[in-house]
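Values in this document were obtained by computation on a predicted structure and should not be read as measured data.
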Amino acid sequence: MYLPLAEVEISGWLLLAIGFCVGVLAGFFGIGGGFIVTPALNIFGFPMAYAIGTDLSQIMGNSIVATFKHRKLGNVDLRLGFFMIIGTAIGVEVGKEVVLYLEEIGKVGSVVRSIYILLLGGTGAYMLFDYWKFKKEEEAGEEKKVVTERVGSKLSEMVHRINLPPKVALPQSKIKSISLWAILLVGFITGFLAGFLGVGGGFIRMPAMIYALGVPTTIAIGTDLFEIIFSSAIGAFLYATEGRVEIVAAAVMVCGSAIGAQIGALATSYVRGMKIRFYFALTILFAAISVVMKQLAVSLSIPVLSTYAGYLILSVAGLMTLNITLSTAKGVIEERAVYPAVKRRLRILLATGGSHHALRAIRLGARLAKGYGAEVTLLVVKDPKEEIPVAEVQRSAGKVLKELGVKAELTVRHGNPAKEILKASKEYDLLVIGSHGTRSITEHLLGDNATHIVENMKTSTLVVKRKAEVTKILACVNLPRYREAVVRRAIELAKILNVPLEFLYVLPEPLIYPIRRLHLSSEEIMELYPEKREAAEEIIKLAKSEGVKASVKFREGIPEEEILLEKREIGADLVILGDSGWRGILGELIGSLSGHIVKHARVSVLVVHRKA
């Protein structure tokens, strides 16, 4: 492929491969990949100014794709990103002017490479030292809690103590207060580097946000990519006005990076924060070595070193890409073992007798159906003992469904509501019914109907009480047989309803109760039971991969009591638990954990059936 503007001959497949590798690394590290692409293009024949301008154009497209993926994972702090853009815009213009001046006097190549070496080498060495220090503390037992990274540093603590107004809060980054001037300064410095070095500024901005501002690693990655979109767009525009962008080469690389960015962003859900920093440090250290080789090739007139430098940087990028891709594949395979993909459309049955609480159930059921893209059937049960205007019920339910944009097939049955609902629900994946609870004799009968259905249910059943709105979900994962199904359903619902999720594990007391309970905290229980701590980490990782904010809590005591207590403490308005207890007549007589929760909880309850 001949590129007339840069006057260079280069393989299109090579550009595609560079784009894919950089896409993976960009999505994983939160960088534009300029510290790889600019030297690589220069090594393969691009004049430095063209390498910078073309790279900035590629970075813009690559970062857009990666940012969208990280946004879904909840890793983008838009507030922080917008503040940094202000400083970046000024910095990029200053950096560009410096490069054009150096180009005029013929020193742009050597100066840019020298700055590359200092920044890449210094940043990589410090991050490698930080990872080594963290591992030593971890092995020595200084990290007592379950941690995947150390957030903040002494530098960030000093920055947070700067009392220079105006001060802003960054809730997404878990920063209560920080001076706006500190954010603007980081933005200006990284913007200058973007314009001067032909990078998005990511290889210095991501560490700067971690160590100077105290931002968690994954948030720093996503926010960095968001900011890179603007800094690289500004830089690409400015270089294009000077005729220094080879747009064909940029377009080819973006095709590869668009695929790679998806893999890299997804990988952050399976690799812990400090490990990401370790991989990042190794990558930029090898990038620094390759630039040193290029500088020596020019200074000592040894052209072969330039070739070796190209092989080194591409080999490192390729190996790191392979490592990240394999980590992602491993994580996805392990996740699918717990969270299998749905092979067909979900079928949901909305059952109603025409009461107001049934309409609330239809509203919540319709929201879930819309989120799942499910097939919906509206079942109206006409009890011969009661006067139920079927046409009015259909009209009221149809109005609710129409508001939410859900189409449903209508079915009418005559007979005992509980029995007819149980018969009809056999062919469905989820049954949604309403219940008032047990506040009066009539409502007690309705509550008994809901409990009777749960005790004899043929499919997963959602009992909706009081309100259709859900603000927080509590999912109970005690039963090993149904834990995977409960975790899967809970994450699906939290994602559809866009609400936080807490998983609860209750350590049951022995049949002969101890005279004195230990009253262990959740953290103490995790220390005593490492296997449960590991399971909790996997659940949180799984939820995060789906963009769901989740936590895990441990309690000790009687499950029926502890679930209801935890529900009240956290203000959950939907409880999810597995099907449990005896079926049929024994179930009616002895009862079950799920039946007890449905009867006594004053909020909606989803009981996940054993076949789910």
Task: Residue pair L368, L346: steps toward the side-chain contact (heavy atoms from CB on, under 4.5 Å) verdict - done: CA-CA 10 Å; L368 299 181; L346 207 69; over 6 Å; no
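- The minimum heavy-atom distance between A369 and V406, with the atom names listed, is CB-CG1, 4.5 Å.
- Here the side chain of R367 pairs no donor or acceptor atom with the backbone of L404 at under 3.5 angstrom.
- At distances below 3.5 Å, not a single donor-acceptor pair connects side-chain atoms of T67 with backbone N or O atoms of I64.
- No more than 12 heavy atoms of other residues, nucleotides or ligands sit less than 6.0 Å from atom CZ of F286.
- To the nearest 0.5 angstrom, I59 atom CD1 is 10.5 Å from L225 atom CG.
- A donor-acceptor contact shorter than 3.5 Å is absent between the side chain of T321 and the backbone of V24.
- Rounding to the nearest 0.5 Å places CD1 of I473 at 6.0 Å from CG of L501.
- Atoms CD and CD1, on Q58 and I18 in that order, are 9.5 Å from each other to the nearest 0.5 Å.
- Taken to the nearest 0.5 Å, the CZ atom of F82 stands 11.0 Å off from the OG1 atom of T223.
- Put simply, CZ on R79 and CD1 on I175 are 11.5 Å apart, with the number rounded to the nearest 0.5 Å.
- Distance check: I540 CD1 to S545 OG gives 12.0 Å after rounding to the nearest 0.5 Å.
- Note on E492 versus R489: salt bridge recorded, some NZ/NE/NH1/NH2 to OD/OE distance being below 4.0 Å.
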Task: Residue pair V487, L542: steps toward the side-chain contact (heavy atoms from CB on, under 4.5 Å) verdict - done: CA-CA 9 Å; V487 169; L542 181 59; 3.8 Å; yes
TODO: Starting from the C-alpha separation in whole Å, work towards a yes-or-no answer on side-chain contact (heavy atoms from CB on, under 4.5 Å) for L80 and F226.
DONE: CA-CA 10 Å; L80 173 60; F226 170 72; over 6 Å; no
